[in-house]
Amino acid sequence: MQAESLLEGLTEPQQAAVRHTDGPLLVLAGPGSGKTRVITRRAAFLARTVARPEQILAITFTNKVAAEMAERMARLGVGRGLTCSTFHAFCARLLRTYADRAGLNPNFSIFDEADQAAAMRSAVQRAGLSTENYSPARMLEAVGRCKNDMILPEECARTATDFAGRAVAAIYEQYQAVLAAQNALDFDDLLVRAALLLGEDPRLRDALQERFRYVLVDEYQDTNHAQYLIARGLSLDHRNLCVTGDPDQSIYAWRGANIGNILRFEEDFPDARVIRLEQNYRSTPQILRAAGSVIRRNRGRKPLELWTSNADGPPVRVVQCESGEQEAAFVASEIRAHAEAGGTFGQVAVFYRTNSLSRQIETALQQARISYQVARGVAFFQRREIKDVLAYLKLIVNPADAVALTRIINVPARGIGDATVAALLKQAEAAGRPALELAASPEEIPGIRAAAAARLRAFAGLIAEARATARQGSVRDTVEHVVRHSGLIAGWGRDESGEELENVQELIHAAGAFDRRRAGEADPGDRSEPLVDWLQEISLVSDVDAVDPQRGAVTLMTLHAAKGLEFDLVFITGVEHGLLPHERSLQQPGDLEEERRLLFVGMTRARRALTLTWARWREQRGALRRTSRSVFLKELPGEEVAWLKVGEDDRTRYDTPAGEAEDRPSFRAWPAGAMVRHPEHGLGRLERVEPAGRQTRAVVRFMDGQMRSFVLEFSELQSVDPDEIGDLDNARWEP
DNA sequence: CCGATCTAAATTTTT
DNA sequence: TTTAGATCGG
């Protein structure tokens, strides 16, 4: 395929982006503007004109996108030579390859959230503080914030001004010591250590820049400072850095993402070419205008003027339901109707702000016999039985991993109690030796009885045998060996459901798939251990990685996971105050804007039809709670939106006029005695309505006892449901 | 040391 | 609703 043919079917700005080869490039790409297409074509164009595929590095947000991109490149006929990876996977690979230069052992463990919590618990204790006052979760948050900003323990200590700050600094230092002793890195460390390595080792940086002549970073609006440094470090000299993104889709500030990275790209690279992709090929004008009307409320943004020449579609719908259950039933019945009209389940997605909302939807879809998939790849690896098996495997690779060891040394119960484990770990720390190694020679542990010593030795032998299997090279065989010889199966035996065994079988299956994949791309120069690679791969899976668009199933996912995807039919559920925006985002005004962007991302996933739903009653932690609709719903344009209610009688009613039904109910519908709210005077009760055409007045008695009269057409009176007032004493309203 | 049983606490989003 | 940690009898 010739390079010029890669420009076929592209618009003017898209072509400009593809044709740009050397020098910094910023592509501001609105939702649905063909960004993925442009990125792939551009990489192919580079490979056809100025570079070999091996010289191109593309960093994407999820493994799935990375794999898809490699696939597309192959289809464009430029082979699989280019490197497509996430930041975390790229850094992990880099740190294993150059472990000696990074001061690491190449078999380091990657600690997930639970591992981190365990490490943090002991770090707090080592700092001489109580985990009661310094909750590990809180401390991990604080330490994570430091790491995202590339603040090392020393700087953290130096800049601490108060007692709490000094405590965090001390804990941070201990936490890093705990990780180091276990030859482990957490997610953030992968980025921090890679950034440090690039900063401190100019020769390595040169070598990498020689290798990767063209660097591309997608979703640049969601990069944190460490990632920014890595991207810079990889392109400082050749300056062939292309970043793509959209500030309006930045949804990871809570994880340290710095929207300033993309907003200031032109200051960083004054000679940067900036290309804006503003034409939307995905959505109907109705969806686009509704989304635009919401995102417009955000301050301090670089607005993209989104437009589309797509055909009109149905109005965006806002549906008020009585309960979460009814909301789920409504969504299910709509999907069923879609299918009966000839649509497929694969075209449909249901989004929600928090994972806990998926349950009711799942139940309703099951009842309606609708096949679905939940984007929760990570959850599988968090199941107890899976974590147990993985802990055995991690220990094979990294005998210093005390978190893994502590987890399974007595699982299944083999008579090794807390006291023995504590003695083992204490001695391991004192001697600076891997805990597993010491378990193999327990005579070196002071105060250990013969019976306990024998059990420790047996355990160490178990792992040694499994390691021998691992050396044969098959991950599948190793997993099977562990499952068979660890005694875990007997421990699950009592649960008749057999769920654990099923899940572990799935794990074995996944290992087998990995073996086959690896055999397929056998690289004689690759001397990395398969088990190490597999453990790394599953440590870095993301929720969306589990989604298979070909499965013909409705996709359920959080709004965060939805980024970058598109569906014909989209339902966004739980659009309620406290849920979206989430109540924990109501403290700082900046957080509210991120919630708005989150909704924007969700809305712009829809191609043909978009439905936002909310429920007046929502079950949380088993208790029913009264809710109110999201403030964002009031930001929707009146003309584009159809407001619906699903009542207790289970029938759907259309309110008229469209868009006004919720905020300004038809006043005729107000009976005397109805509750109303006025922005200035607060709550009141409607005394009477005096009909006079457009001059119709409402007379309201307010809580202060005053009667006031308003011309309905101009008044800012709003209807209020009596039960929305909650525990207000109704008696005081009676004359 | 084991396991059953109870109580308390927690849920925002994720590589 | 689920889960982690504490407590206690065997």
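Numbered from 1 within each chain, the chains take letters A, B, ... in sequence-line order. Note: hydrogens, waters and symmetry copies are ignored here, and every other heavy atom, side chains too, is used.
The aromatic rings of A:Phe351 and A:Phe567 lie perpendicular to each other, with more than 60° between the two planes, well past the 30° mark.
When the P atom is compared between C:dA4 and B:dT13, the two are found 15 Å apart, to the nearest whole Å.
The existence of a salt bridge linking A:Arg457 and A:Glu443 is confirmed by a sub-4.0 Å separation between a basic side-chain nitrogen and an acidic carboxylate oxygen. Ion pairing of A:Arg616 with A:Glu576 is absent here, as no side-chain N (NZ or NE/NH1/NH2) approaches a carboxylate O to less than 4.0 Å. Comment: A:Lys387 engages A:Asp115 in a salt bridge, judged by a side-chain N to carboxylate O separation of less than 4.0 angstrom. Ion pairing of A:Arg383 with A:Glu500 is absent here, as no side-chain N (NZ or NE/NH1/NH2) approaches a carboxylate O to less than 4.0 Å.
Counting only distance, with no hydrogens or angles, the side chain of A:Thr223 and the backbone of A:Tyr220 share a donor-acceptor pair below 3.5 Å.
Taking the six-membered ring for Trp and the full ring otherwise, A:His582 and A:Trp254 have centroids separated by 6.0 Å or more.
For the pair A:Arg414 CZ and B:dG3 C1', the interatomic distance rounds to 17 Å; values are reported in whole Å. One interatomic measurement links the two molecules: CD of A:Glu325 to C1' of C:dT1, which rounds to 15 Å at whole-angstrom precision. The separation between A:Arg384 atom CZ and C:dA4 atom P is 9 Å, rounded to whole Å.
At most 12 non-hydrogen atoms from other residues, nucleotides or ligands lie less than 6.0 angstrom from CG of A:Asp418.
At the phosphate of C:dT2, OP1 or OP2 sits under 4.0 Å from a side-chain N or O atom of A:Arg359.
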- Task: List the protein contact pattern of nucleotides 8-15 of chain B with one symbol per nucleotide (5' to 3'): B for base contact, S for sugar-phosphate-only contact, - for none; contact means a heavy-atom distance under 4.0 Å.
- Result: --BBBBBB
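Taken residue by residue, residues 446-460 of chain A places no heavy atom nearer than 4.0 Å to DNA chain B.
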